[in-house]
Amino acid sequence: MFFNEKGEEILAALSGNVISITDVESPIFAGKVVGDGVAIVPYDGLAVAPISGIVSFVGEQKHTYGITGFDGIEVLIHLGIGTVELKGEGFTPYVQKGDRVNAGDPICNVNWKLVKERNLDITSPVVITSGSMEKIKRLTVLQGLAQAGKTACMRYVPEKK
């Protein structure tokens with residue numbers, strides 16, 4: 001697939017159905033304003049680190065997490081669409097800014113039942129942030145059912161230094 005180039009994997013941050021980022025209802029994500037990647041329609045509430053690295057931020061409302069990999073690529077996990085409205089209710093974070101994580105480590109648990117009761121979208125974008133995209137030569141997204149921390153949902157070839 002990478003024509004003899006070493007590719008890096010980004011694992012699914014949630015168990016569920018991985019879809020194209022362009023299929024997300026939010027124009028900001030679908031238009032790749034935040035970055036490029038995938039979205040996951042989850043079937044359970046455990047969110048895990050999709051890459052190994054340092055937690056670069058935890059959103060004030062506990063629904064967004066950034067992890068910067070050791071190669072400098074930053075991945076954003078946005079749990080649900082419109083979930084900022086919950087003001088942190090329904091989110092149990094397991095990490096804080098500055099924590100070191102390994103791919104597959106739990107970062108947050110989400111009460112999707114509460115999210116649905118508030119008529120919010122559980123679809124969760126997992127994107128390589130816009131600023132990191134310039135460090136990537138080629139990005140391949142993988143769709144279909146995925147298991148959190150085990151199934152690759154993206155592969156990328158970094159630009160040569």
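If you're wondering where the values come from, they're calculated on a predicted model, not measured in any experiment. Heavy atoms only: backbone and side chains are in, while hydrogens, waters and symmetry mates are out.
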- prompt: Is the shortest heavy-atom distance from the side chain of I54 to the side chain of F70 under 4.5 Å?
  reply: yes
- request: Say whether V84 and V110 are linked into one hydrophobic cluster, either directly or through other cluster members, by side-chain heavy-atom distances under 4.5 angstrom.
  value: no
statement: Across all chains, not counting sequence neighbours, the side-chain hydrogen bond (donor to acceptor under 3.5 Å, both in side chains) partners of S15 are none
- prompt: Sub-3.5 Å donor-acceptor pair from the side chain of S124 to the main-chain atoms of G80, do we have one?
  reply: yes
Any donor-acceptor pair under 3.5 Å from S132 side chain to I128 backbone: no
query: Taking only residues two or more places apart in sequence or in another chain, which ones pass side-chain hydrogen bond (donor to acceptor under 3.5 Å, both in side chains) with T123?
result: D121
Partners meeting side-chain hydrogen bond (donor to acceptor under 3.5 Å, both in side chains) with S52 (sequence neighbours left out): none
- request: Would you name the heavy atoms of I21 and P125 that are closest together and state the gap between them?
  value: CD1-CB, 3.8 Å
task: Please check if atom CD in E60 has more than 12 non-hydrogen atoms from other residues, nucleotides or ligands closer than 6.0 Å.
output: no
Spacing of CD belonging to E74 relative to CZ belonging to F57, to within rounding of 0.5 Å: 5.5 Å
query: Are the side chain of N102 and the backbone of D105 linked by a donor-acceptor contact shorter than 3.5 Å?
result: no
Whether S130 side chain and V33 backbone form a donor-acceptor pair below 3.5 Å: yes
- prompt: Considering all heavy atoms of both residues, which atom of L142 and which atom of M154 are nearest to each other, and what is their separation?
  reply: CD1-N, 4.3 Å
- prompt: What distance do I107 atom CD1 and F91 atom CZ have between them, rounded to the nearest 0.5 Å?
  reply: 11.5 Å
- request: Measure the spacing between CG of D44 and CD of Q147 and express it to the nearest 0.5 Å.
  value: 9.0 Å
Side chain to side chain, K62 and C108, heavy atoms closer than 4.5 Å: no
task: Consider only side-chain heavy atoms of I, L, V, M, F, W and Y, link residues closer than 4.5 Å, and tell whether V126 and V18 are in one cluster.
output: yes
message: When you group the ILVMFWY residues by side-chain heavy-atom contacts below 4.5 Å and let the links chain together, are V55 and V48 in the same group?
response: no
Intermediate values then yes/no, side chain to side chain contact (heavy atoms under 4.5 Å, CB included), L76 and F29: CA-CA 11 Å; L76 169 75; F29 285 106; 4.2 Å; yes
- prompt: Under 3.5 Å, side chain of K135 to main-chain N/O of E159, donor-acceptor pair present?
  reply: no
field: Q143 and S20 side chains, donor-acceptor separation under 3.5 Å
entry: no
Side chain to side chain donor-acceptor pair (under 3.5 Å) between Y156 and D71, intermediate numbers included: CA-CA 12 Å; Y156 65 90; D71 60 359; 2.4 Å; yes
query: Roughly how far, to the nearest 0.5 Å, is the NZ atom of K97 from the CG atom of D99?
result: 12.0 Å
- line: When rounded to the nearest 0.5 Å, the distance separating CD of Q61 from OG1 of T83 is 9.5 Å
statement: Nearest heavy-atom contact between A47 and L79 is CB-CD2, 3.9 Å
- prompt: I10 and I51: which non-hydrogen atoms are nearest, and at how many Å?
  reply: CG1-CG2, 3.8 Å
message: I'd like to know whether R155 forms a salt bridge (Lys or Arg N to Asp or Glu O under 4.0 Å) with E9, so could you lay out the CA-CA distance, the side-chain angles of the two residues, the decisive distance to 0.1 Å, and finally the verdict.
response: CA-CA 4 Å; R155 290 193 182 106; E9 289 188 339; 3.2 Å; yes
Side chains of I73 and I136 in contact at under 4.5 Å (non-hydrogen atoms): yes
Minimum side-chain heavy-atom gap L120-E85 below 4.5 Å: yes
From CA spacing to verdict: side chain to side chain contact (heavy atoms under 4.5 Å, CB included), L11, K150: CA-CA 6 Å; L11 302 178; K150 297 196 185 308; over 6 Å; no
- request: Decide yes or no for E8 and V157: does some side-chain heavy atom of the first lie under 4.5 Å from some side-chain heavy atom of the second?
  value: no
message: I'd like to know whether CD of E25 has more than 12 heavy-atom contacts from other residues, nucleotides or ligands below 6.0 angstrom.
response: no
Distance-minimising heavy-atom pair for P50 and I67: CD-CD1, 3.9 Å
query: Considering only heavy atoms from C-beta outward, does the side chain of S56 approach that of Y65 to under 4.5 Å?
result: no
- request: Check whether V24 and V34 end up in the same hydrophobic cluster, where Ile, Leu, Val, Met, Phe, Trp and Tyr are linked by side-chain heavy atoms less than 4.5 Å apart.
  value: yes
- prompt: Are the side chain of W112 and the backbone N or O of I122 linked by a donor-acceptor pair below 3.5 Å?
  reply: no
Heavy-atom pair with the smallest gap, counting every atom of I81 and S26: CG2-CB, 4.0 Å
query: Same cluster for I77 and I19 if Ile/Leu/Val/Met/Phe/Trp/Tyr side chains link at under 4.5 Å?
result: yes
query: Got a second to check how far H78's NE2 is from I40's CD1, nearest 0.5 Å?
result: 14.0 Å
